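I have placed the structure first, in the form of structure tokens, so that the comments after it can refer back to it.
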Amino acid sequence: MARKLERHQLIERTIIKTYRKELWNPFICGVKNYGLIKDGDVILLHLENTAESMLLAKLLLQLKRVSDTRFELIITGDGGCEENARILNIELTDGEGNYNKTALCDTLSDICQTVLESMLWDSKIKGVLPEENGNIRPMFCISRDAVNRWTKLNGLTFTEKEDKSRAAELLSELKKKNPDTESNILSSLSSLCLDTMPGYIKNGTQHTFLENY
């Protein structure tokens, strides 16, 4: 007779099996391709009662179990997240202790919104780095849509992040016409052709194509 799994174990299976292509594989891709986690790292995650934050905790805990990379994980949180942390079997620590990296739960959708916002309303092309000043974004390649589907499948209830920005609305409309919109924006950020740009900023200094014309 097959062993009956507890709820948190069933939820974990939806991450590595049901939504493997949408959650686990993009997570691993981001961590490896951008070198976000290295041997000896001590990573702090401050847990919030949001789907993105809870999912990131589960992804990092699973990685810690199966990865050859040896790292430590400190998960803190406040009273608002304790019930869902219990459901998901996420153990919270009382203090932060010493750590060298902080995990942020920004998703691919957040990155794309930043790009659109900067282009259309700030008149610049500005991306977001996977790692910056000790802050890492392990969900850099995961769409918020996938997070929402995972939440709904498992009957989980979190504090919803209300986002009514113009960029969020535009991104939603673009994805209706092209489901690959987010992945295409991410690929574009890694394939920027400076040879075709009339100007760019590097290390805070403005440059123009005339310098090499």
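Note that this is a predicted model, so its numbers are computed, not measured.
- Other residues, nucleotides and ligands place more than 12 heavy atoms under 6.0 Å from the CD atom of E211.
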side-chain contact (heavy atoms from CB on, under 4.5 Å) evaluation trace for D39 with D68: CA-CA 9 Å; D39 277 323; D68 292 331; over 6 Å; no

Stepwise salt bridge (charged side-chain N to carboxylate O under 4.0 Å, His left out) check, K175 with D145: CA-CA 10 Å; K175 287 191 294 184; D145 292 340; 2.9 Å; yes

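- A donor-acceptor distance shorter than 3.5 angstrom exists from the side chain of R20 to the backbone of I16, with no hydrogens or angles considered.
- In this structure the side chain of T114 never reaches within 4.5 angstrom of the side chain of L116, judged on heavy atoms.
- Of all heavy-atom pairs spanning C193 and T196, the tightest one is O-OG1, 2.9 Å.
- With rounding to the nearest 0.5 Å, the separation of CG in L108 from OG1 in T181 is 10.5 Å.
- For E22, the side-chain contact (heavy atoms from CB on, under 4.5 Å) partners at least two apart in sequence or on another chain are Y19, A146, R149.
- Rounded to the nearest 0.5 angstrom, L171 CG and K176 NZ are separated by 11.5 Å.
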Worked check of side chain to side chain donor-acceptor pair (under 3.5 Å) between E182 and S109: CA-CA 7 Å; E182 290 183 342; S109 304; 2.7 Å; yes

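- With hydrophobic clusters built from ILVMFWY side chains whose heavy atoms lie under 4.5 angstrom apart, L153 shares a cluster with V147.
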Side-chain donor-acceptor pairs of residues 44-63 under 3.5 Å, sequence neighbours excluded:
| residue | atom | partner | partner atom | Å |
| --- | --- | --- | --- | --- |
| H46 | ND1 | T76 | OG1 | 2.9 |
| N49 | OD1 | N84 | ND2 | 2.7 |
| N49 | ND2 | T159 | OG1 | 3.2 |
| T50 | OG1 | S53 | N | 3.2 |
| S53 | OG | E48 | N | 2.9 |
| K58 | NZ | E12 | OE2 | 2.8 |
| K58 | NZ | L88 | O | 2.7 |
| Q62 | OE1 | R65 | NE | 3.3 |
| Q62 | OE1 | R65 | NH2 | 2.6 |

H8 and R86: CA distance, side-chain angles, deciding distance, side-chain contact (heavy atoms from CB on, under 4.5 Å) verdict: CA-CA 9 Å; H8 72 87; R86 183 192 62 78; over 6 Å; no

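- Summarising the geometry of W24 relative to I15, their closest heavy-atom pair is CB-O, 3.5 Å, with the distance given to 0.1 Å.
- Looking at T69, its side chain never comes within 3.5 Å of a backbone N or O of K38 through a donor-acceptor pair.
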Worked verdict on L186 versus N184 for side-chain contact (heavy atoms from CB on, under 4.5 Å): CA-CA 5 Å; L186 180 59; N184 287 346; over 6 Å; no

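- In this structure, a donor-acceptor pair under 3.5 Å is present between the side chains of T14 and N154.
- Using a 4.0 Å cut-off between a side-chain N of Lys or Arg and a carboxylate O of Asp or Glu, R70 and D41 do not qualify as a salt bridge.
- Distance alone, capped at 3.5 Å, places no donor-acceptor pair between the S191 side chain and the S188 backbone.
- Checked by atom type, the side-chain pair R166/Q113 shows no donor-acceptor distance below 3.5 Å.
- In this structure, C81 SG and I90 CD1 are separated by 8.0 Å, a value rounded to the nearest 0.5 Å.
- Under the 4.5 Å side-chain heavy-atom criterion for ILVMFWY residues, a single connected hydrophobic cluster contains both V31 and L73.
- Residues M197 and F209 are not in side-chain contact: their nearest non-hydrogen atoms beyond the backbone lie 4.5 Å or more apart.
- Side-chain contact between N98 and V42 is absent, with no heavy-atom pair separated by less than 4.5 Å.
- Expressed to the nearest 0.5 Å, how far CH2 of W121 lies from CE of M119 amounts to 10.5 Å.
- A single hydrophobic cluster is seen to contain both L36 and I43, as judged by linkage of ILVMFWY side chains at heavy-atom distances under 4.5 Å, directly or through other members.
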Which side-chain N or O atoms in residues 122-142 pair as donor and acceptor under 3.5 Å with protein atoms at least two apart or in another chain?
| residue | atom | partner | partner atom | Å |
| --- | --- | --- | --- | --- |
| R137 | NE | D106 | OD2 | 2.7 |
| R137 | NH1 | L129 | O | 2.8 |

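- A donor-acceptor pair is defined here as one N or O able to donate and one able to accept, closer than 3.5 Å; no such pair exists between the side chain of S172 and the backbone of A168.
- Tracing side-chain contacts under 4.5 Å through hydrophobic residues (I, L, V, M, F, W, Y), one reaches L120 starting from L174; they form part of the same cluster.
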Steps toward side-chain contact (heavy atoms from CB on, under 4.5 Å) verdict (L189, I111): CA-CA 10 Å; L189 290 177; I111 309 308; 4.3 Å; yes

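- Of the possible donor and acceptor atoms, none in the side chain of N203 sits under 3.5 Å from a partner among the backbone N and O of T205.
- Note on L156 and L5: separate hydrophobic clusters, where clusters join Ile, Leu, Val, Met, Phe, Trp and Tyr whose side-chain heavy atoms are under 4.5 Å apart, directly or indirectly.
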Criterion side chain to side chain donor-acceptor pair (under 3.5 Å) on D110 and T107, from CA distance to verdict: CA-CA 5 Å; D110 296 312; T107 65; 3.1 Å; yes

